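Quick notes on the structure that follows.
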Amino acid sequence: MTGIRYFFGALACYLALPALADSSSPRLAAYYDDFMALCGDQVYEWSGTGAPTKSKSGIKRVGVGDINRYGLTEQGELLVWSDDPTKASVVLDQVRSFDAGRSGLLIIRQDRSLWHVNAESFLGFGEKITEKPVQIAEHILQASVGDGANYYVTQQGALFVKGKAHRGQYGDGKLTTTEGYVETAEDVDQVVSHTGHALILKKDGSVWGTGGNIYGPLSSHGYGDKAIRWGHIAEGVIAIATGSSHSLAIQNDGSLWIWGRNEGLKPKKVMASVSAVAAGKYSSIALSKGVLWQWETGSQPKHIMKCE
């Protein structure tokens, strides 16, 4: 019973903030071959299978984009940096959560308003931030930046999408881009998106997917090409994450399941007592009882470091 109490206590802490796109938790982040982990308030960064190195401290949420790294401070300031974390700049204050990707940032402020920064390359560093956030919605629960389509979930559970639709990213049967955000699903708790595909976790614990599915990140739904409508994948799930070609889900018993490239179309169990997970291009990272793990698809998780 002690282990069960530990897991659910830790999980409640890790999931207190809305999840990131490629991650189930504010403590982990991944984007293709780049990774970040938050141990206490200390940030660690690394690429591929390299050793994690210390970065910023005083952070409560991490994020990885195509060229930048991000950290949310306890004071609600969203910081951005590239190679040198000591040269971090403030993107916006009064921030609750955020998500990063190639097309830019989606930022949720403390009042639940949603703001967008058009592209990472426009942020600049030091005093040269040239792209200012623009408000696009209100009453937002969570948001996800894909590699072509962006998503947000309202506090009422409505899912909206804008961007490329050629791979079925909207999930409504259409393959043409719209000028503004359109509603595409309801009763949603979490959305994650990546290279032409997206997954949603509904309030009833079911997982659904749409979009490109050449390697199976949507399980068997539209496998080999694409799915143009939301298709059912799993049940009994409390958190999800997706990478460029594989996906993961944490079940309500704390077990971690994976499917997609090198893993097969049917979700299979990877680990037990997992409190957070994030997916990159070929690799995944996970937290389990204060230990950080990493593994490539098709292989077994390996211990990296302690991460309390």
Side-chain angles (χ1 to χ4, degrees), residues 2-4 6-11 13-15 19-57 59 61-65 69 71 192 194-195 199 215-217 219 234 237-308:
T2 301
I4 295 175
Y6 172 90
F7 166 71
F8 281 106
L11 185 63
C13 177
Y14 297 160
L15 299 183
L20 295 171
D22 302 327
S23 172
S24 70
S25 165
R27 293 191 61 186
L28 301 180
Y31 190 80
Y32 288 98
D33 294 321
D34 294 323
F35 300 92
M36 296 176 74
L38 190 59
C39 301
D41 70 346
Q42 176 65 58
V43 177
Y44 288 83
E45 301 180 34
W46 71 102
S47 294
T49 57
T53 59
K54 286 186 177 181
S55 178
K56 299 289 292 182
S57 60
I59 300 297
R61 186 185 193 99
V62 292
V64 184
R69 307 292 178 268
V192 294
H194 214 283
T195 312
L199 301 181
Y215 298 107
S219 187
V237 173
I238 57 174
I240 53 176
T242 192
S244 62
S245 57
H246 71 285
S247 301
L248 304 109
I250 300 176
Q251 290 276 350
N252 52 23
D253 64 355
S255 60
L256 177 64
W257 297 69
I258 190 170
W259 63 95
R261 189 168 191 162
N262 300 325
E263 296 288 356
L265 299 180
K266 185 177 181 180
K268 62 181 181 181
K269 187 176 178 179
V270 182
M271 300 173 64
S273 300
V274 173
S275 54
V277 66
K281 185 176 182 180
Y282 300 119
S283 298
S284 301
I285 55 176
L287 280 172
S288 176
K289 294 184 177 179
V291 176
L292 181 64
W293 302 77
Q294 183 174 4
W295 69 102
E296 292 188 355
T297 54
S299 62
Q300 294 299 310
K302 297 179 181 180
H303 171 272
I304 299 180
M305 57 182 286
K306 288 185 177 181
C307 186
E308 300 293 345

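All values derive from a computational prediction rather than experimental measurement.
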Nearest 0.5 Å, please: how far is [atom2] in [Y] from [atom1] in [X]?
{"X": "Asp253", "Y": "Lys269", "atom1": "CG", "atom2": "NZ", "value": "6.5 Å"}
{"X": "Cys307", "Y": "Leu287", "atom1": "SG", "atom2": "CG", "value": "5.0 Å"}
{"X": "Leu28", "Y": "Ser275", "atom1": "CG", "atom2": "OG", "value": "8.0 Å"}
{"X": "Arg61", "Y": "Ser25", "atom1": "CZ", "atom2": "OG", "value": "8.0 Å"}
{"X": "Leu248", "Y": "Thr242", "atom1": "CG", "atom2": "OG1", "value": "8.0 Å"}

Are the side chains of Tyr32 and His194 in contact, using a 4.5 Å heavy-atom criterion?
yes
Is the closest side-chain heavy-atom distance between Met305 and Cys39 below 4.5 Å?
yes
Do other residues, nucleotides or ligands put more than 12 heavy atoms under 6.0 Å from Tyr215 OH?
no
Check whether more than 12 heavy atoms from other residues, nucleotides or ligands sit under 6.0 Å from atom NZ of Lys281, and answer yes or no.
no
Check side-chain hydrogen bond (donor to acceptor under 3.5 Å, both in side chains) between Ser284 and all other residues, then give those that pass, not counting sequence neighbours.
His246
Taken in chain and number order and not counting sequence neighbours, the residues that satisfy side-chain hydrogen bond (donor to acceptor under 3.5 Å, both in side chains) with Asn262 are Thr297
Among all residues two or more places apart in sequence or in another chain, which pass the side-chain contact (heavy atoms from CB on, under 4.5 Å) test with Ser47?
Asp34
Contacts of type side-chain contact (heavy atoms from CB on, under 4.5 Å), residue Leu265, not counting sequence neighbours:
Ser220, Tyr223
Any donor-acceptor pair under 3.5 Å from [X] side chain to [Y] backbone:
{"X": "Gln42", "Y": "Lys56", "answer": "yes"}
{"X": "Ser273", "Y": "Ser288", "answer": "no"}
{"X": "Ser283", "Y": "Gly280", "answer": "no"}

May I ask you to decide if the ring planes of Trp46 and Phe35 are parallel, tilted or perpendicular, using 30° and 60° as cut-offs?
parallel
Salt bridge (Lys or Arg N to Asp or Glu O under 4.0 Å) filter on Lys268, not counting sequence neighbours, yields Glu263
Residues at least two apart in sequence or cross-chain that pass ring-ring contact (aromatic ring centres under 6.0 Å, His included) with Trp259, listed by chain then number, are none
Test side chain to side chain contact (heavy atoms under 4.5 Å, CB included) applied to Ile304 and Tyr44, step by step:
CA-CA 12 Å; Ile304 299 180; Tyr44 288 83; over 6 Å; no
